[in-house]
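Just so you know, these numbers come straight off a predicted model, no measurement behind them. Residue numbers start at 1 and run along the sequence shown.
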Amino acid sequence: MKRIHTISGKSDLKPNYFAISADSRNVISNAHSNRSSKEQYETVKFWDLLTGNLVKTVDFRHDCVNVTAYETWLLGTVYNADVILRLNLGSDDFDLIVDAAPSHLPDLKSNVTSLAASLYEPIIACGAQPGEIAVYNLLAKPIGTDGYAKILPAQQFISEHSSSNSSVLISPDSNFLLSQTLNRGFHQLWNISTGELIRTFNISSFGLAEYLSISHTGQLLACGSFSEKIRVWDVYSGEIIYSLDGDLPATMSIDGKLLAYCNCEMKIVVWDIESNQEFCTSSESSAKIERIALSPDGKWLASYNQNQNIDIWSVL
């Protein structure tokens, strides 16, 4: 694995979004975003993987952010608000999606606590209090407005393990949703199109899922960390496929062929899941790695470290 670019910057906030675009061309993150008086992120930046150059900066004040469907939309949440901010990156048109955190109890205010987006489809999922999840198709016709915001039809999921700290992940084929209630310790796997709850299982046996992949055999794989081990498991069967010495951050390629994680020497290890052997390891460990991302084609890796540098690596 060869480091080809280092991007330096400075920010008061660590990035909470760090990804490589669906077309494997750009690093997209709110790294190096200035802090406002409300401690919100103010920008989202796009860097070219091949050159390391800054492609564009989007002014977009937010708490959580995500990009979906080949960089068509930039989605964000704002603290203490039940709306999703939607920016069309092609036209710069901006609107709001209301009821992004629908509540079934009229006296209980719900707020969006997590946001996930599909790489290839115009689908987003919002986790909210208390254990509610809403899935939206961004191309759906609005069913109404709330003065200033559009109301989109939603597929709603209600977790029996209610939690105010839920996280959500959408599978690469956009067919499945994995919700995780952190303080109750449960995963729940849902069929997005039907709303069916497929499986509930305990986080303590596996770890917190950081990423979902689908292998060439159709296995839905998750990776996460548990007891200083990086684990890869089959979400359907619960079978733990690998348990390797390592630590977060961890991620996989979308086809489930490669696993990337950090070892005790603060180096990035790329593991070949299919052959069960190390594929490559970064040669330098100047600072603790805090975020990593693999490109969908498996050729690139981006990392963000404690020195606030973004490194771009060639994997192949």
Side-chain angles (χ1 to χ4, degrees), residues 1-9 14-32 44-55 65-67 70-71 117 119-120 169 172 209-216 221-225 230-232 242 244-316:
M1 184 164 59
K2 181 181 179 181
R3 183 172 61 184
I4 58 173
H5 301 296
T6 295
I7 303 166
S8 299
K14 297 179 181 179
N16 62 10
Y17 183 73
F18 193 78
I20 294 178
S21 61
D23 59 9
S24 298
R25 295 179 59 185
N26 296 319
V27 179
I28 309 172
S29 181
N30 52 14
H32 306 161
V44 178
K45 297 186 177 184
F46 296 68
W47 292 272
D48 187 278
L49 282 170
L50 187 61
T51 66
N53 294 333
L54 181 64
V55 177
V65 72
N66 221 308
V67 179
Y70 285 106
E71 298 178 39
L119 274 177
Y120 303 110
L169 295 171
E210 300 289 328
Y211 196 83
L212 294 178
S213 296
I214 296 183
S215 71
H216 70 280
L221 303 177
C223 69
S225 176
I230 296 297
R231 287 186 169 175
V232 177
Y242 295 115
L244 307 167
D245 292 334
D247 203 353
L248 297 177
T251 189
M252 287 187 291
S253 57
I254 62 172
D255 58 7
K257 291 182 178 180
L258 298 177
L259 166 71
Y261 64 96
C262 293
N263 65 15
C264 60
E265 297 175 347
M266 297 189 299
K267 295 180 180 180
I268 302 169
V269 177
V270 178
W271 192 267
D272 189 313
I273 294 176
E274 292 187 326
S275 64
N276 190 23
Q277 62 183 1
E278 182 180 309
F279 185 77
C280 59
T281 300
S282 62
S283 58
E284 301 178 39
S285 54
S286 58
K288 179 177 172 55
I289 305 295
E290 296 185 337
R291 303 292 300 232
I292 56 175
L294 269 170
S295 63
D297 62 12
K299 296 180 180 180
W300 303 88
L301 185 144
S303 64
Y304 176 90
N305 65 30
Q306 247 179 4
N307 292 336
Q308 301 191 31
N309 290 329
I310 296 172
D311 289 319
I312 298 174
W313 310 80
S314 174
V315 176
L316 300 181

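- A distance of 4.5 Å separates OG of Ser225 from CD1 of Ile230, quoted to the nearest 0.5 Å.
- A donor atom on one side chain and an acceptor atom on the other are not found under 3.5 Å apart for Ser24 and Trp300.
- Taking all atoms of both residues into account, the shortest heavy-atom contact from Ile4 to Ser314 is CG2-CB, 4.3 Å.
- No donor-acceptor pair under 3.5 Å is formed between the side chain of Asn26 and the backbone N or O of Ile28.
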### Task
Carefully, step by step, assess Ser282 and Trp313 under the rule side-chain contact (heavy atoms from CB on, under 4.5 Å).
CA-CA 8 Å; Ser282 62; Trp313 310 80; 3.7 Å; yes
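- Partners of Asp255 under the side chain to side chain donor-acceptor pair (under 3.5 Å) rule, at least two apart in sequence or in another chain, are Ser253.
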#### Entry: Residue pair Leu259, Leu244: steps toward the side-chain contact (heavy atoms from CB on, under 4.5 Å) verdict
CA-CA 11 Å; Leu259 166 71; Leu244 307 167; 3.9 Å; yes
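- Applying the ring-ring contact (aromatic ring centres under 6.0 Å, His included) test to His32 and every residue at least two apart in sequence or in another chain returns Trp47.
- No side-chain heavy atom of Phe18 sits under 4.5 Å from any side-chain heavy atom of Thr251.
- In plain terms, the two heavy atoms of Asp48 and Leu50 that are nearest each other are OD1-N, 2.8 Å.
- In this structure, the side chains of Met266 and Asn305 stay at 4.5 Å or more apart for every pair of heavy atoms.
- For Ser295, the side chain to side chain donor-acceptor pair (under 3.5 Å) partners at least two apart in sequence or on another chain are Asp297.
- Here Thr51 contributes atom OG1 and Ile312 contributes atom CD1; the two are 7.5 Å apart, rounded to the nearest 0.5 Å.
- With sequence neighbours excluded, the residues forming a salt bridge (charged side-chain N to carboxylate O under 4.0 Å, His left out) with Asp245 are Lys229, listed by chain and number.
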### Task
Could you go through the side-chain contact (heavy atoms from CB on, under 4.5 Å) check for Leu221 and Tyr211 one step at a time?
CA-CA 8 Å; Leu221 303 177; Tyr211 196 83; over 6 Å; no
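- Among residues two or more places apart in sequence or in another chain, the side chain to side chain donor-acceptor pair (under 3.5 Å) test is passed with Glu278 by Thr281.
- Counting only distance, with no hydrogens or angles, the side chain of Asn30 and the backbone of Tyr17 share a donor-acceptor pair below 3.5 Å.
- Between His216 and Glu274, some side-chain heavy-atom pair lies under the 4.5 Å cut-off.
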### Task
Would you sort out whether Val67 and Ser21 count as a side-chain contact (heavy atoms from CB on, under 4.5 Å), showing the intermediate values?
CA-CA 8 Å; Val67 179; Ser21 61; over 6 Å; no
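- The salt bridge (charged side-chain N to carboxylate O under 4.0 Å, His left out) search around Lys14 returns Glu290, not counting sequence neighbours.
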